[in-house]
2 protein chains.
Amino acid sequence: MVGRNLVGPEVDALELGVVLRALADEHRRSVMMELAADRTDGERGCNSFDLPISKQTQTHHFRVLREAGLINEIDYGNRKGIRLRRTDVESRFPGLLALLAAELT
Amino acid sequence: MVGRNLVGPEVDALELGVVLRALADEHRRSVMMELAADRTDGERGCNSFDLPISKQTQTHHFRVLREAGLINEIDYGNRKGIRLRRTDVESRFPGLLALLAAELT
DNA sequence: TCAAAGGTACGATTGATTTCGTACCTGAGT
DNA sequence: ACTCAGGTACGAAATCAATCGTACCTTTGA
């Protein structure tokens with residue numbers, strides 16, 4: 001099945017406050033640290049992050065990341081793909097992803 | 001009168017989570033944006049930020065920034081000095097202050 | 001067609017954070 | 001000594017955010 005890309009803000013609409021609030025949460029930050037550190041930027045399943053929380057809560061967190069403009073969510077119906085918006089984030093907030101990647105112990 | 005420097009974490013103890021939670025708040029972020037953009041790094045009175053909140057709440061916010069390791073607070077008894085910990089923050093989170101300074105419209 | 005796995009919607013709960021009222025402290029200046 | 005401006009301590013109220021239970025949807029594969 002072909003996936004539908006769920007909507008997020010355009011590059012110019014990214015706001016630092018929204019982004020920082022998104023990154024303030026430990027679980028969302030761990031997702032972003034993994035994505036930032038993986039330079040292949042491949043699409044990942046949203047179960048590949050081993051988050052120790054229920055799937056309803058994961059839905060919530062990935063939506064927050066998407067609405068902040070940090071990731072794309074691709075809806076396949078019964079599964080979901082996650083992809084970092086690296087060029088957008090890097091162009092709007094240069095250095096931010098490096099900061100996150102560097103925190104990956 | 002000579003001021004006493006209120007305690008904050010050492011450079012090595014700075015944590016990204018704590019820092020991002022501190023920066024997630026709009027008022028604290030506006031303080032940090034001003035400090036980051038002012039390269040003189042002079043000591044500032046904590047009334048120089050024109051925060052639209054009560055002084056009790058300001059006390060709270062500056063403490064959060066200090067405990068995150070972002071600023072020093074110098075206690076003069078009946079007034080308080082604020083100073084950005086630029087070298088510490090820059091060494092632990094390179095690029096973060098530039099990100100904040102760039103947001104100052 | 002039907003079951004199973006993965007995901008979402010909605011609402012409730014719980015917990016954290018922001019905010020401020022009241023009371024009190026400190027130093028400067030009269 | 002007294003007042004005043006600036007700050008803090010403590011606690012309560014209000015707001016916001018994370019979490020999950022229940023119910024429901026979508027696709028895959030038997």
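Letters A, B, ... mirror the listed sequences (proteins, then strands); counts begin at 1. In what follows, every heavy atom counts, from backbone to side chain, and hydrogens, waters and symmetry copies are set aside.
Rounded to whole Å, atom C1' of dT18(C) lies 15 Å from atom CZ of F62(B). To the nearest angstrom, C1' of dT8(D) lies 8 Å from NZ of K80(B). One interatomic measurement links the two molecules: CD of E67(B) to C1' of dT17(C), which rounds to 14 Å at whole-angstrom precision. Atom C1' of nucleotide dA5(D) and atom CZ of R79(B) are separated by 12 Å, given to the nearest angstrom. What separates CZ of F49(B) from C1' of dG7(D) is a distance of 16 Å, to the nearest Å. The CD1 atom of I53(A) sits 13 Å away from the P atom of dG21(D) (whole-angstrom rounding). Rounded to whole Å, atom C1' of dG7(D) lies 11 Å from atom CG of L6(B). Put simply, CZ on R21(B) is 13 Å from C1' on dA18(D), counting in whole angstrom units.
A donor and an acceptor atom sit less than 3.5 Å apart, one in the side chain of Q56(A) and one in the base of dT22(D).
Distances shorter than 4.0 Å separate some side-chain N or O of T59(A) from OP1 or OP2 on dT8(C). For dG7(C), neither phosphate oxygen OP1 nor OP2 lies less than 4.0 angstrom from any side-chain nitrogen or oxygen of R63(A). At the phosphate of dC20(D), OP1 or OP2 sits under 4.0 Å from a side-chain N or O atom of T57(A). Between H60(A) and the phosphate of dC20(D), there is no side-chain N or O to OP1/OP2 separation shorter than 4.0 Å. For R28(A) and dA18(D), the shortest distance from a side-chain N or O to OP1 or OP2 is below 4.0 Å.
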Exercise for review: Treat primed atoms plus P, OP1 and OP2 as sugar-phosphate and everything else as base, then score nucleotides 24-29 of chain C 5' to 3': B for base contact with protein heavy atoms under 4.0 Å, S for sugar-phosphate contact only, - for none.
Suggested key: --BBS-
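Ion pairing of R86(B) with D41(B) is present here, as a side-chain N (NZ or NE/NH1/NH2) and a carboxylate O approach within less than 4.0 Å. Checked for salt-bridge contact, E15(B) and R92(B) miss the test: no charged N lies under 4.0 Å from a carboxylate O. Between E73(B) and R4(B) no salt bridge is recorded (no basic side-chain N to carboxylate O distance below 4.0 Å). The residues E34(A) and R44(A) are annotated as salt-bridged, a charged nitrogen and a carboxylate oxygen being separated by less than 4.0 angstrom.
When distances run from any side-chain atom of H61(B) to the nucleotides dG7(D), dT19(C), dT22(C), the shortest one goes to dT19(C). The side chain of C46(B) lies closest to dG7(D), out of dA17(D), dG7(D), dA9(D). Of the candidate nucleotides dT8(C), dA18(D), dT18(C), dA18(D) has the atom lying nearest to any side-chain atom of D25(A).
Tested against F93(B), the residues L16(B), L70(B), L99(B) include a single side-chain contact (heavy atoms from CB on, under 4.5 Å) partner, L16(B).
Other residues, nucleotides and ligands contribute over 12 non-hydrogen atoms within 6.0 Å of the CD atom of E43(B).
For H60(B), the ring pair (Phe, Tyr, Trp, His ring centres under 6.0 Å) criterion is met by no residue, not counting sequence neighbours. Remark: Q56(B) engages S54(B) in a side chain to side chain donor-acceptor pair (under 3.5 Å) (not counting sequence neighbours).
Among the protein residues, N47(B) comes within range of the sugar-phosphate backbone only, with heavy atoms under 4.0 Å from sugar or phosphate atoms but none that close to a base.
Annotation: of the two residues near DNA chain D, V64(A) and Q58(B), the 5′-most nearest-nucleotide partner is Q58(B).
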